[in-house]
Amino acid sequence: MSTTSLARGFARVSTSSLGAYQTAVIRIGLSFTWLCFLLREWPNRRELYGPDSPWSWGLARQLTSDNHAFTALMWSDGTAWFETVYALAVVSAALLMLGWRTRTMSVISMLGVLSLQNRSIFIGDGGDNVIHLMALYTVFTRCGQVWSLDARRAARRHPRPGGAADGTDLTGIVLWTVCGLALIAAQVFAHPSLSWTADGPLPGLGWATALWGLWLVHGVWWAVERYAPGEPRTVLDTLAHLVHNAALLVIMAEVCLIYATAGWYKIQGSRWQDGTALYYPMHIDYFAPWPSLSHALAAGGTIVLLLSYGTVAVQVAFPFTLLNRKVKNVLLALMMAEHLGIAVTLGLPFFSLAMIVADAVFLPTPFLIRLGTAAGRARGSLFPRRTGPLPAGGETEPATRTLVG
């Protein structure tokens, strides 16, 4: 690879946040999946994660003391505190899905995911693991550039491309202040898990350091944007682009790793080798929401054989198909169809939806743009409204960060 190619590649990743539509799909899709799960389990929330859980608060505290997993539910065993955390998880997921103050909502939503899932780790499945990981990665992406309330607000603040921001972000200032006060209260009154150097997301980095660091970054960004829009803003933009693109690369690598490990582990199993692996889950009542459909599929030996071998082949081959765009798109459609089949036949809708959303990070940008245009037209036909003029070119500009947006 020539020096010119390296320079061109570095310029690309340092001057723009790539995958704006793909990261928007991750934000919308995973938040929607998490929100639907929380709402569906609302009547059972106390048995799953709260004071009525068979995995009691004392047992959960013993486990988190050993594995050092973060969960705000260990700060108190009171019912009121549990209801507050659950409600915040619901609200933050909904606001992140809409793209309102994505920088703040991505952090709060991540804390909600970690708090609930780490409270009762034995009730999750593969879909919960995907949501868990993607919630962490999304914090580092600029996932509100398109298809978000942040993007719409940015278009109004910048009526012309390159225009100066209008007005003071009072909402952002208030939200940033409230988050700071909440962190102070957590440090003073909460569980000692909020340490500065231990038991955090990285070795030597505690959750207190991580959360206060994110809070300070948001404040510095707002101050630079408002009072030093020249070279300091350019430097921060470059750093933000690099962090976003690195996080996007990690998300893509994570999806490839999920499929590669799943496929190669299946190859080692005797039931997958003889092509009968899918026969058995189709006869388990717990995984048979439509027993007649499951039994009909399982009755055909050839169908079971083809589905078993096809599942392994698709999962093993997918990381290699990234070298060819056309083959990758075909295999991507097959994997999404596979997950739809899992949702229907095995009754795992949230697992399937989480995996489909994760797969969507590889969808072509032109396809996503057409999909967004079609969705916009459908929304316009159902809910007609008058709108002001868009920036030149008819497209809204990517959202710029405010204090917490």
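These numbers were taken from a predicted model, which means no experiment stands behind them.
- Applying the ring pair (Phe, Tyr, Trp, His ring centres under 6.0 Å) definition to pairs two or more places apart or across chains, none involves residues 93-121.
- With Ser65 contributing its side chain and Arg61 its backbone, the two residues share a donor-acceptor pair below 3.5 Å.
- The side-chain contact (heavy atoms from CB on, under 4.5 Å) search around Pro349 returns none, not counting sequence neighbours.
- With sequence neighbours left out, Arg46 forms a side-chain contact (heavy atoms from CB on, under 4.5 Å) with Pro51, Asp52, Thr79, Phe82, Glu83.
- Remark: side-chain polar atoms of Asn44 are not paired, donor with acceptor, to backbone N or O of Glu47 under 3.5 angstrom.
- Within the structure, side chain to side chain donor-acceptor pair (under 3.5 Å) contacts touching residues 282-305 (residues at least two apart or in different chains) do not occur.
- Sorted by first then second residue, the salt bridge (Lys or Arg N to Asp or Glu O under 4.0 Å) pairs that include residues 356-377, not counting sequence neighbours, number zero.
- Between Trp215 and Trp176, the distance separating the two ring centers is shorter than 6.0 angstrom.
- Two residues are said to be in side-chain contact when any heavy atoms from C-beta on lie closer than 4.5 Å; Arg101 and Arg153 meet this criterion.
- In this structure, the side chains of Trp222 and Val217 stay at 4.5 Å or more apart for every pair of heavy atoms.
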Side-chain donor-acceptor contacts of residues 329-344 below 3.5 Å, not counting sequence neighbours, with atom names and distances?
{"residue": "Asn329", "atom": "ND2", "partner": "Arg325", "partner atom": "O", "Å": "3.3"}
{"residue": "His339", "atom": "NE2", "partner": "Tyr259", "partner atom": "OH", "Å": "2.8"}

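- With sequence neighbours excluded, the residues forming a side-chain contact (heavy atoms from CB on, under 4.5 Å) with Val178 are Val174, listed by chain and number.
- The main-chain N or O of Tyr279 is never found under 3.5 Å from a side-chain atom of Thr276 such that the two would form a donor-acceptor pair.
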Please tabulate, one pair per line, all N/O donor-acceptor pairs under 3.5 Å involving side-chain atoms of residues 30-39, not counting sequence neighbours.
{"residue": "Ser31", "atom": "OG", "partner": "Arg27", "partner atom": "O", "Å": "2.7"}
{"residue": "Thr33", "atom": "OG1", "partner": "Gly29", "partner atom": "O", "Å": "2.8"}

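- Without hydrogens or angle criteria, His241 side chain to Ser17 main chain gives a donor-acceptor distance under 3.5 Å.
- Pairs of residues two or more places apart, or lying in two chains, never qualify as salt bridge (Lys or Arg N to Asp or Glu O under 4.0 Å) while including a residue from residues 295-323.
- Annotation: salt bridge (Lys or Arg N to Asp or Glu O under 4.0 Å) contacts involving residues 298-324, sequence neighbours excluded, are absent.
- Between the side chain of Thr71 and the backbone N or O of Ser115, at least one donor-acceptor pair lies under 3.5 Å.
- With Ser53 contributing its side chain and Tyr49 its backbone, the two residues share no donor-acceptor pair below 3.5 Å.
- Aromatic rings of Trp42 and Tyr86 (six-membered ring for Trp) have centroids within the 6.0 Å cut-off, being under it.
- Annotation: side-chain contact (heavy atoms from CB on, under 4.5 Å) contacts of Thr15 (sequence neighbours excluded): none.
- Pairs passing the side chain to side chain donor-acceptor pair (under 3.5 Å) check and including a residue from residues 122-140, sequence neighbours excluded, read Gln117-His132, Tyr137-Glu254.
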